[in-house]
There are 2 protein chains.
Amino acid sequence: MFKKKNISLAVVRRLPRYLRYVEDLLNHDIMRISSSELSQRMGYTASQVRQDFNNFGGFGQQGYGYSTQVLYENLVKILGLDRNFKMVIVGVGNLGQALANYANFYKKGFRLIGLFDIDPQKVGKTIRDIKIEHIDKLKDFIKKNDVDIGVLCVPADVAQEVADIMVEGGIKGIWNFTAKEIEVKGDVVVENVHLIDSLMVLSYKLNEKLLEKERIK
Amino acid sequence: MFKKKNISLAVVRRLPRYLRYVEDLLNHDIMRISSSELSQRMGYTASQVRQDFNNFGGFGQQGYGYSTQVLYENLVKILGLDRNFKMVIVGVGNLGQALANYANFYKKGFRLIGLFDIDPQKVGKTIRDIKIEHIDKLKDFIKKNDVDIGVLCVPADVAQEVADIMVEGGIKGIWNFTAKEIEVKGDVVVENVHLIDSLMVLSYKLNEKLLEKERIK
DNA sequence: TAGATTGTTAATCGATTAACAATC
DNA sequence: TAGATTGTTAATCGATTAACAATC
């Protein structure tokens, strides 16, 4: 029933949003929903909703719609949230700390099991009961604990270097918060969060509006 | 020379990446580049590079390529970075602090001029020479200082409420870090950064690899 | 001028939307 | 059964790639 061909990234990027809406429905005790109703709430077309879900095998019921519970369980499975991936954060600056304290990750089944930094002032301190270790111990830790995800929150100039250590340790995926585009060999998966890019897109849109107003004048 | 029709969001989202690469070229004193060379470095096709740039009027030269300097200046202008937008951060928790200290924003011309929180413990403290004010003063501050961008780093359950205050104050754009989808009226621009969505996409990809391996066995 | 590379039109590819038969 | 809504095929739309004439 699961996985036919390759699912396009456009579809995959919509899945977390579906999950968010379905969770919301469950929280409001809404136990069934039609593709047309869901699409209206989310600003998609009903066609797109059905196409998206049918990429993973139909879990709707003709004449009835979708069971919110079934939808929820399937999305969790499709997104791999039931794997409870283990992760470590490397670079415990402001951002690293923010992520360590971000409760949403735990709710979604991700398990933070290690924190690493190079600053001796930080090593030994604890956040959420996890002791910050020196980055020298990163590679062995990943190996020993079979860590899945490395969260890269170090300064841009050492990003590649630290990514290399992660890969050598056998990391499976890197969540990259640095402005650098890191290179990894093998089949290590990288997901970039370029915050500054997102801000620049906002800036573009604001500038567009201003240009419009200036043209009208 | 600027702006023909509506540029697709797909193109806009590539612009910051172009800027990043062009900056890198400048840092290495590379003063000209062809679409084919740039495309190779970035993993695009040469066609796409030329199409993308030509959305904004041709700033290349036939037989020569693109001047890195000209490219840089145009990208800065297109993205509105020369507007030096004013911004405030609301919610000075770990994430808000991380953003306040994120040097890249200043380098790209964004000016942080205010910090706001509801916690009396935080009000009065300063970060980067900016005093944290109580959220009660947010609306007036936005009005008085003609703030462009509001960075929303508050807990999810008050996201909409705080967004409303921003809009009432006359904010032009909201950079939303909460997991909630906020609703704004008028022509306020919203750019969402759903961190958890990004992590779930990584999780999806990891799960996909694991399923593949399990199938082979 | 000859060579190189852009700007732009045309062709292709993929994603979204529409339509409808299948079926609960 | 009749009504509703899915699953799926076909049509449309938009974005990417290829091709080539224009021109530096």
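The figures that follow rest on heavy atoms only: side chains count, while hydrogens, waters and symmetry mates do not. Throughout, a chain's letter reflects where its sequence line sits, starting with A, and its residues are numbered from 1. Everything numeric in this text was worked out from a predicted model, so none of it was measured.
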Looking only at the side chains, is there a donor atom on one of B:Tyr204 and A:Arg13 sitting less than 3.5 Å from an acceptor on the other?
no

What nucleic acid atoms does A:Ser36 come within less than 4.0 Å of, heavy atoms only: base, sugar-phosphate, or nothing?
nothing

Across the strands shown, which category fits A:Ser47 at heavy-atom distances under 4.0 angstrom: base, sugar-phosphate, nothing?
base

Would you indicate whether the side-chain heavy atoms of A:Phe85 and A:Arg111 approach each other to under 4.5 Å?
no

Can you tell me how far apart OG (A:Ser39) and CE (A:Met42) are? Round to the nearest 0.5 Å.
9.5 Å

base_contact_polar (D:dT9 base, A:Gln51 side chain, donor-acceptor, <3.5 Å):
yes

Only pairs with both distances under 3.5 Å count, Watson-Crick or wobble alike; so what is the partner of C:dT12 in this structure?
D:dA15

Rounded interatomic separation in angstrom, taking CG from B:Leu38 and P from C:dG7
13 Å

OP1 or OP2 of D:dT16 sitting under 4.0 Å from any side-chain N/O of B:Arg14?
yes

Tell me: CE of B:Met42 to P of D:dT16, nearest whole Å?
13 Å

Has the side chain of A:Gln61 got a donor or acceptor atom sitting under 3.5 Å from an opposite partner on the base of D:dT5?
no

Do other residues, nucleotides or ligands put more than 12 heavy atoms under 6.0 Å from B:Phe141 CZ?
yes

Whom does D:dT23 pair with, Watson-Crick or G-U wobble, provided both distances fall under 3.5 Å?
C:dA4

For a 4.5 angstrom cut-off between non-hydrogen side-chain atoms, does A:Val11 reach A:Gln51?
no

A:Asn55 CG to C:dT16 C1', in whole Å, measures 12 Å

Protein-nucleotide distance (B:Gln40, atom CD; C:dT5, atom P), rounded to Å:
12 Å

Take atom CG of B:Asn54 and atom P of D:dA22, then tell me their distance rounded to the nearest Å.
16 Å

Measure CG/A:Asn6 against P/C:dC13 and give the value in whole Å, please.
18 Å

For C:dT5, does either OP1 or OP2 sit under 4.0 Å from a side-chain N or O belonging to B:Ser35?
no

Closest to the B:Tyr66 side chain, choosing from C:dT8, D:dG7, C:dT6
C:dT6

For DNA chain C, whose closest nucleotide is more 5', that of A:Arg50 or that of B:Ile33?
B:Ile33

For B:Gln48 and D:dT16, is the shortest distance between a side-chain N/O and OP1 or OP2 below 4.0 Å?
yes

Starting at atom CD1 of A:Ile7, determine the distance to atom C1' of C:dG14, rounded to an integer number of angstrom.
14 Å

By nearest-heavy-atom nucleotide on DNA chain C, the more 5' of A:Gln62 and A:Val11 is A:Val11

Could you tell me how far apart A:Glu37 (CD) and D:dA4 (P) are, to the nearest whole angstrom?
15 Å

